[in-house]
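Okay, structure first, notes after.
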Amino acid sequence: MKYAIWALWLSTLLAVAGWYGYRLYAGEELQVFNPGPLSAGHHQLEQACGACHVSPMGGGEVLQKACVNCHGDELKAARDAHPQSKFTDPRNADRLAHLDARYCLACHVEHAPERTWPMTVTQPDDFCVHCHADIAEDRPSHQDMAFDTCASAGCHNYHDNRALYEDFLVKGADQPLLLEIARIAAPAPLADKHPDWQKPAEVPQPDAPSERLNAEAVAGWLASDHAEVGVNCSGCHQPQGVAWQAKPELGTCQRCHAGEAQGFFAGKHGMRLNPDLLVKLTPMRPEPGLLAFTAESAGHELSCSSCHGAHKVDLVAAAVEACLGCHADQHSLAYQDSPHQRLWQAEQRGELPPGSGVSCASCHLPRETAEVHGRERRLVQHNQNANLRPNEKMLRGVCLDCHGLPFALDALADPLLLQNNFRGAPAQHVPSVDMALERARR
Amino acid sequence: MHTTLRPLLAVAVTAGLLTITGCQESKPSGFSPQQLTDMLHLVMESDRAVYTKQVVNRLKDEGVIKPSEHFIDDKALPLPAQMFRFGAEAVAAKTDAFSYSLQSLWPINKQNAPRTEAEKIGLQFIIDNPGQNYYTEEKLGEQSYFTAVYPDAAVAPVCASCHNEHKDSPRTDFKLGDVLGGVVIRVPLGG
């Protein structure tokens, strides 16, 4: 009897270990190993443990490398105010005992929803005190300010302070609410990407097999930049001479639009399709998303064509209609009849110069200068998260194209204005510009 | 961290000593931590003076390009102190065999004020004893270090004028040749 109990215990143990071991080995149903839900930034990757846990034996350094693999370039571009290199000097040993800021995980622990605050911070929100406890000695204006307001009052960010540093505030202090020439960056001309491009003398002819041709697709294609620059049906449906693909793969778009694809894979729209992921995931759909979405968008899979369309590649529709086809949160719904939308519509009617209107994409997918294949190009940043939170990240790349710094700071700090899509004047006032000016005067 | 740099550094130091002394047949004994930090400082001090005089000061005087704390936004040259810090950070990303930083009793950036007892004593020592360096050992966390503090002087007029004019500078009467602060170099001791 005693042996039977031991045998039963052992076989049960082996069965359980085998069940877990097989899943780990096969990479199936890995959620059984998940110690807790992931943060809003990573929740789409719950099936892709290997995106962060790149080695089963990995410790802090391995996880750190995974963080840097995805976020390193963005932090560099943001001129990270607290890079790892600030903390590696041994003179910081006592500080690191409180908060080991050499590692992203010191402040951004995953699988811990019960202690995850805005910006996915898992430290108490007065963490600045560890290094800046004596700030009032240097900045008397900061006397009696609570340390949980450093980052929440619109004054400082831990990583990205490009639009918040003192001298920048002083330089922008006198800027008016609306700049004299308020324009967002225009699309790059075709010649920017295709230096040898010339407008075709004749209407291009589609090269698809006749049985594949349909009037709507051809009309859309003829109206597109693809037709203008000579990308014919075969360019997408038979890339490099392969058999006809009814629905071209994302990689086909990526071959010509590498810069745009890079942003798409880094953002929430395309991170599940990132070719660097070890696990193949299905495209993102609105249902698993954490925001409010329209009922009609259920089941809609995100790819390039889901926003741009298959043939017409309509950039105007992609800038507003595509977004509002899915997004139904308060800010998105309030875009209708907002000041920004009225400008956008006036621009589309030709009543205002190009760049005067403000679409969803103007702010959330702004045009930037980036290096692609060794060439500097102006292209749309398809990582919608790159300038989203903290929202002061949006100042330099977006808001300041049209608005002065003091107004933009106040507007971004006003939660009501964010909800109602900037109808009305800011009710909040961020004092940082006044404080910077006062200090400069002294 | 490239911890492999440590044995390489030890070999290089040993080989260097043999070459310098010419005693190629004697038993290698390596450099002392003080000799090592003295040599590191010699390189740092020389590069720093060259950048300050031949690049920053000259191009500013010739009206070609100015230095600026916000050199990216202002399309300007990094300040000599920033250049020094970027180098220190680049070294720190590659090795923990040694580390260095620029500090001052009158720091423009308050994070560059002395923090450890050795730094506080050392920075005061180099002010009180012109021309002398300060050497000591200290324990930070669980690790012991040989710590050396070297005076960092205003080698060009631009050094003194920038420190005097910066709104965050706690001292505004520096002259050419004055000690503005100190270079602190640390070498971990033990295994």
Original post:
Which bit of A:Glu137 is near chain B, if near means a heavy-atom gap under 4.5 Å: side chain, backbone, both or neither?
Top reply: neither
Original post:
Should the heavy atoms of other residues, nucleotides or ligands under 6.0 Å from CG of A:Asp174 be counted, would the total exceed 12?
Top reply: no
Subject >> Pick from B:Val184, B:Thr116, B:Asp168 with the largest number of heavy-atom pairs that fall under 4.5 Å of chain A >> reply: B:Asp168
Original post:
Would the number of heavy atoms belonging to other residues, nucleotides or ligands and lying under 6.0 Å from CG of A:Asp73 be above 12?
Top reply: no
**OP:** Could you tell me which of B:Glu142, B:Glu138, B:Glu89 has the largest number of non-hydrogen atom pairs under 4.5 Å with chain A?
**Re:** B:Glu89
Original post:
side-chain hydrogen bond (donor to acceptor under 3.5 Å, both in side chains): which pairs involve residues 90-106 of chain A, sequence neighbours left out?
Top reply: A:Glu61-A:Tyr103, A:Arg91-B:Gln103, A:Arg91-B:Glu119, A:Asn92-A:Arg95, A:Asp94-B:Arg115, A:Arg95-B:Gln111, A:Asp100-A:Arg102
Original post:
In terms of side-chain geometry, is the basic nitrogen of B:Asp73 or A:Arg162 positioned less than 4.0 Å from the acidic oxygen of its partner?
Top reply: no
Subject >> Test log, rule ring pair (Phe, Tyr, Trp, His ring centres under 6.0 Å), inputs A:Phe168 and B:His70 >> reply: CA-CA 9 Å; A:Phe168 190 80; B:His70 311 295; 9.1 Å; no
Original post:
Which atoms of A:Arg79 come close to chain B, meaning under 4.5 Å heavy atom to heavy atom: side chain ones, backbone ones, both, or neither?
Top reply: side chain
**OP:** Go through the steps to decide whether A:Glu166 and B:Lys167 satisfy the test side-chain contact (heavy atoms from CB on, under 4.5 Å), and finish with yes or no.
**Re:** CA-CA 11 Å; A:Glu166 209 170 68; B:Lys167 69 180 188 302; 2.8 Å; yes
Subject >> Heavy-atom side-chain proximity of B:Arg186 to A:Asp89 below 4.5 angstrom >> reply: yes
**OP:** Check each atom of B:Pro114 against the heavy atoms of chain A and say whether the ones under 4.5 Å are side chain, backbone, both or neither.
**Re:** backbone
Subject >> Set of residues satisfying side-chain hydrogen bond (donor to acceptor under 3.5 Å, both in side chains) with respect to A:Asp192, sequence neighbours excluded >> reply: none
**OP:** Please name the pair of heavy atoms, one in A:Thr88 and one in B:Ala92, separated by the smallest distance, quoted to 0.1 Å.
**Re:** OG1-CB, 3.6 Å
Original post:
Which heavy-atom pair separates A:Ala93 from B:Gly141 by the least distance, and what is that distance?
Top reply: CB-N, 3.8 Å
Subject >> Region of B:Tyr145 in contact with chain A, defined by heavy-atom distances below 4.5 Å >> reply: side chain
Subject >> Over 12 foreign heavy atoms within 6.0 Å of NZ, B:Lys110 >> reply: yes
